[in-house]
Amino acid sequence: MAPEAEAATLVADGGRDCFNSAARSPLLSEESSDSSGEERSLSDSDDETPEVGEARSRGAFTDSAGPSFSVGKSFGSDGFSADPSRPGETETAAVTEFDGATGTLEFETGERIEEQQAFDKPEHAASEKAKVGWLLKRNGGRRPASLAHCALGTWLQSLFWQRRYFRIGKDELMYRLREGTNDRGAFGLEHVDQVAVMDSKIWIHFAHEQRTGVRRRRRESLCLAAMSHAEAESWAEALRFAVAGLRTGLPTDWDVREMLRGEAPGASNESVRLVAKKQLGEDAVVAMQKLMDHAFVCKRTQDRKGMALPLRMEVVQVFGVQNISAWTEYAKARAAISGRIALSEAGSGEIAAATNASLRAESLNRPPPGEAVTPLVPKVRTSTIQDKDVWDMLGEVQDAANEHWLFHGSTPGAVQSITDSEFRINLAGSHRGTLYGKGVYLAECCSKADEYAEAGDDKLYGMLVCRAALGRILVETARRPAVAELEAKCMSGEYDSLCGDRWVAANTFREFVIYDGRQVYPAFMVFYRRWNLQHLLASLRLALSSDVEEADPDYVLRLALYTARIAEHHPNEMVSASIRNTLRSHPELAAHIAASRLAESSETNRRRLVALLGTLGYASEEVTANLSLMLKDAAPDVRAIACASLSVLGKAAFGAVPLMEELLSDSSAEVRAASAAALGAFAADADGDAAAEGLLKAARG
């Protein structure tokens with residue numbers, strides 16, 4: 001008979017014959033042994049003394065009542081039973097009842113004369129009163145859970161459950177045993193990683209096994225029963241509150257209490273413990289799109305394995321990853337790197353005087369670095385984006401640890417698995433090769449990480465956006481790297497990470513390799529679509545031809561800027577020409593938006609906007625006037641690009657000739673050359689055209 005069916009039969013019987021038949025049942029009579037090999041009968045409790053267990057096995061604690069029973073208890077002023085050896089205590093009555101029909105546990109307790117001074121004293125700083133009360137605690141050992149749950153509210157209950165007085169302290173869940181004893185057990189709250197509620201039962205799971213009670217049995221989880229579902233939820237929320245208070249050093253926007261929620265064991269949607277993946281809103285999608293547009297470079301390597309190079313990666317969904325275990329390990333690794341760098345750069349004299357002894361010892365045990373940390377040239381691409389929305393989403397980075405945001409592409413299953421746990425070095429190379437040895441491979445360009453991505457059933461590709469503590473970077477430019485030597489330098493601590501500079505070696509990308517998975521934290525999951533040329537051009541036409549009043553100017557400008565950059569750098573000239581022609585087919589809206597934002601943009605954005613106006617080639621009064629103002633910009637490269645963009649506009653830009661002639665004596669050689677070229681283009685436009693020559697002469701006069 002199945003355990004559930006036999007349990008139902010036992011509970012339904014409700015008589016002494018049921019108990020006798022249960023004694024003959026292989027399920028109820030099996031001996032359960034703990035991890036140390038010690039055996040005991042099913043009736044023993046993991047927190048009973050052997051003498052009490054023996055008495056219970058003789059039937060001394062067996063109730064003869066039917067499915068509904070009540071047990072009277074007497075309690076002293078400390079909330080437990082009065083001890084005859086302690087005179088002066090006042091007893092109050094308490095009754096515990098279970099209704100066999102409903103399985104509801106009911107308490108009827110008298111008011112205590114005074115609060116227990118030690119056990120009930122509030123300790124949690126954020127709570128006025130610690131949570132205390134009576135609960136049923138399921139016995140330890142290998143006992144069928146189905147029988148234990150069916151036994152609740154029946155006379156068989158005492159075989160599986162004991163009534164204990166619990167209290168949530170500052171860092172422990174403590175309980176007292178039975179009347180006439182002052183013994184207590186405690187579970188460390190810092191190890192709790194899930195608190196779930198099912199009906200009136202509370203499931204508590206521990207990240208590390210617990211040992212408590214007289215027998216010190218190993219326990220990975222704890223099941224308690226309250227008198228109702230509402231009370232179970234109250235206890236569970238109090239536990240989550242206490243556990244959350246112990247989790248320090250986490251990002252301020254993390255909701256630890258929500259992360260502790262979960263499904264009871266066996267639930268179909270049981271979640272990974274202490275991990276939350278929250279889908280972010282449209283603002284985060286837009287910000288991530290800006291970052292990926294910025295980090296997209298039109299190049300391909302053999303890792304793309306014959307697949308076409310996409311022209312854009314359209315962000316569809318963004319999930320923020322909150323993984324307490326992975327974050328804790330990452331924060332430790334990041335702090336260690338920044339500490340080693342600071343101490344090594346300070347010099348041996350200051351190292352000897354450092355106050356952090358453990359950090360000093362760790363630093364001195366590592367090989368002395370040959371040089372200080374120097375920024376990569378060019379800078380890591382993700383660090384160069386100048387957009388407040390993007391950095392508000394990403395958060396600050398720690399320069400002391402040389403921390404950067406990097407991309408990691410993989411299969412949809414791997415993206416989920418990594419965020420559930422962490423990066424596993426032992427799996428390196430299972431999806432692609434390991435040119436620089438076994439490590440976590442990251443990219444500053446999302447188009448490089450996309451080479452390793454695969455689509456899921458929903459046709460979306462997955463990618464991780466990660467924090468990476470790069471520390472001291474070993475740069476390798478050889479086409480055929482000496483893997484063993486590179487690994488040895490990084491694993492020994494001389495360097496913290498490797499930059500495989502294929503930009504220099506093969507004119508492709510730079511990859512970053514980290515040989516310690518704790519130095520990487522997967523902070524975001526991004527799911528996106530790949531755009532081919534047809535998709536890009538269709539989207540561009542739709543955006544540019546939108547009605548001025550209905551169009552989203554931010555989206556139109558972002559797409560126009562992005563496509564203009566792709567047209568400039570794409571290796572296929574036919575693709576570039578197609579994009580430029582599409583931009584110039586409906587330039588009015590994009591040109592108006594770009595010209596109106598020139599004055600309020602940063603230097604980098606002014607440079608991009610001025611270049612876009614030249615690509616669009618739309619000569620309106622607003623465009624020429626604002627471009628002419630850029631000839632006086634403080635940045636030389638902006639002045640040079642403004643000259644080039646004005647030259648494209650032809651006769652409509654002749655009014656800028658006097659300013660360009662002044663730039664012929666500019667301090668920047670680049671500006672002088674650009675102004676001369678623009679003036680030459682104007683002269684060519686006016687050659688043979690009397691009206692144009694007159695306009696040019698009037699502009700100079």
Side-chain angles (χ1 to χ4, degrees), residues 32-38 45-47 123-124 131 135 137-143 145 164 166-175 183-198 201-224 235-250 254-267 270-276 321-333 335-336 358 417-426 516-518 521:
S32 64
S33 59
D34 62 9
S35 302
S36 62
E38 181 184 0
S45 167
D46 63 343
D47 55 17
E123 293 182 4
H124 201 292
K131 182 77 172 176
L135 296 170
K137 173 177 170 289
R138 215 182 95 186
N139 295 343
R142 295 181 302 180
R143 303 177 179 180
R164 298 290 178 257
F166 280 86
R167 176 180 180 278
I168 301 175
K170 183 176 181 180
D171 54 7
E172 289 181 323
L173 173 63
M174 299 173 285
Y175 66 94
D183 294 341
R184 69 173 69 179
F187 299 94
L189 292 179
E190 71 273 15
H191 301 303
V192 174
D193 59 11
Q194 187 181 55
V195 181
V197 174
M198 178 180 287
K201 295 181 286 294
I202 308 162
W203 298 85
I204 305 170
H205 190 275
F206 304 98
H208 304 287
E209 62 187 21
Q210 302 284 294
R211 286 180 179 269
T212 189
V214 175
R215 293 180 178 271
R216 310 293 293 173
R217 289 185 181 276
R218 294 180 180 177
R219 184 191 288 272
E220 292 184 353
S221 62
L222 176 66
C223 182
L224 306 174
W235 273 94
E237 192 59 29
L239 280 166
R240 296 182 190 117
F241 184 86
V243 174
L246 298 175
R247 300 285 181 173
T248 58
L250 300 175
W254 284 21
D255 188 347
V256 179
R257 281 186 285 177
E258 185 64 28
M259 296 167 69
L260 287 166
R261 296 181 187 276
E263 299 297 327
E270 184 176 353
S271 58
V272 180
R273 299 180 179 93
L274 287 185
V275 175
V321 179
Q322 301 176 4
N323 185 323
I324 288 182
S325 177
W327 175 264
T328 301
E329 292 300 315
Y330 174 73
K332 290 178 181 177
S358 60
S417 177
I418 291 170
T419 51
D420 283 344
S421 54
E422 57 189 13
F423 282 96
R424 294 176 57 186
I425 302 299
N426 63 314
D516 183 351
R518 295 173 299 177
Y521 178 74

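Positions are given from 1 along the sequence. Since we're looking at a predicted model, the values are computed, not measured.
Distance CD/Glu237 to CG/Leu260: 9.5 Å, rounded to 0.5 Å. With values rounded to the nearest 0.5 angstrom, Cys223 atom SG is found 9.5 Å from Met198 atom CE. Note that CD1 of Ile204 is 5.0 Å distant from CG of Leu224, once rounded to the nearest 0.5 Å. The structure places CD of Gln322 at 9.0 Å from CG of Leu250, a figure rounded to the nearest 0.5 Å. Separating the NZ atom in Lys131 from the CH2 atom in Trp235 is a distance of 6.0 Å, to the nearest 0.5 Å. Taking CZ of Arg247 as the reference point, atom CD1 of Ile324 lies at 5.0 Å (rounded to 0.5 Å).
Contacts of Glu258 classified as salt bridge (Lys or Arg N to Asp or Glu O under 4.0 Å), with partners at least two apart in sequence or in another chain: Arg261.
The aromatic rings of His191 and His208 lie perpendicular to each other, with more than 60° between the two planes, well past the 30° mark. Relative ring orientation between Phe187 and Tyr175 is described as parallel, the plane-to-plane angle staying below 30° on a 0-90° scale split at 30° and 60°.
For the pair Leu189/Ile168, a side-chain contact is recorded, criterion being any heavy-atom separation below 4.5 Å from C-beta on. Contact annotation: the side chain of Leu173 never approaches that of Val192 to less than 4.5 Å [non-hydrogen atoms, C-beta and beyond]. Leu274 is not listed as a side-chain neighbour of Asn323, based on a closest heavy-atom distance of 4.5 Å or more. A heavy-atom distance below 4.5 Å is not found between the side chains of Thr419 and Val275. In this structure, the side chains of Val321 and Tyr521 come closer than 4.5 Å at one or more pairs of heavy atoms. Contact annotation: the side chain of Phe241 approaches that of Arg257 to within less than 4.5 Å [non-hydrogen atoms, C-beta and beyond].
Here the closest heavy-atom approach between residue Leu246 and residue Glu190 is recorded as CD1-N, 3.7 Å. When all heavy atoms of Met259 and Ala276 are compared, the pair lying nearest together is CG-CB, 3.6 Å. Nearest heavy atom pair, residue Val195 against residue Arg240, reads O-NH2, 2.8 Å. Looking at every heavy atom in both residues, Ala326 comes nearest to Ser421 through CB-O, 3.5 Å.
A donor-acceptor pair is defined here as one N or O able to donate and one able to accept, closer than 3.5 Å; such a pair exists between the side chain of Trp327 and the backbone of Gly249.
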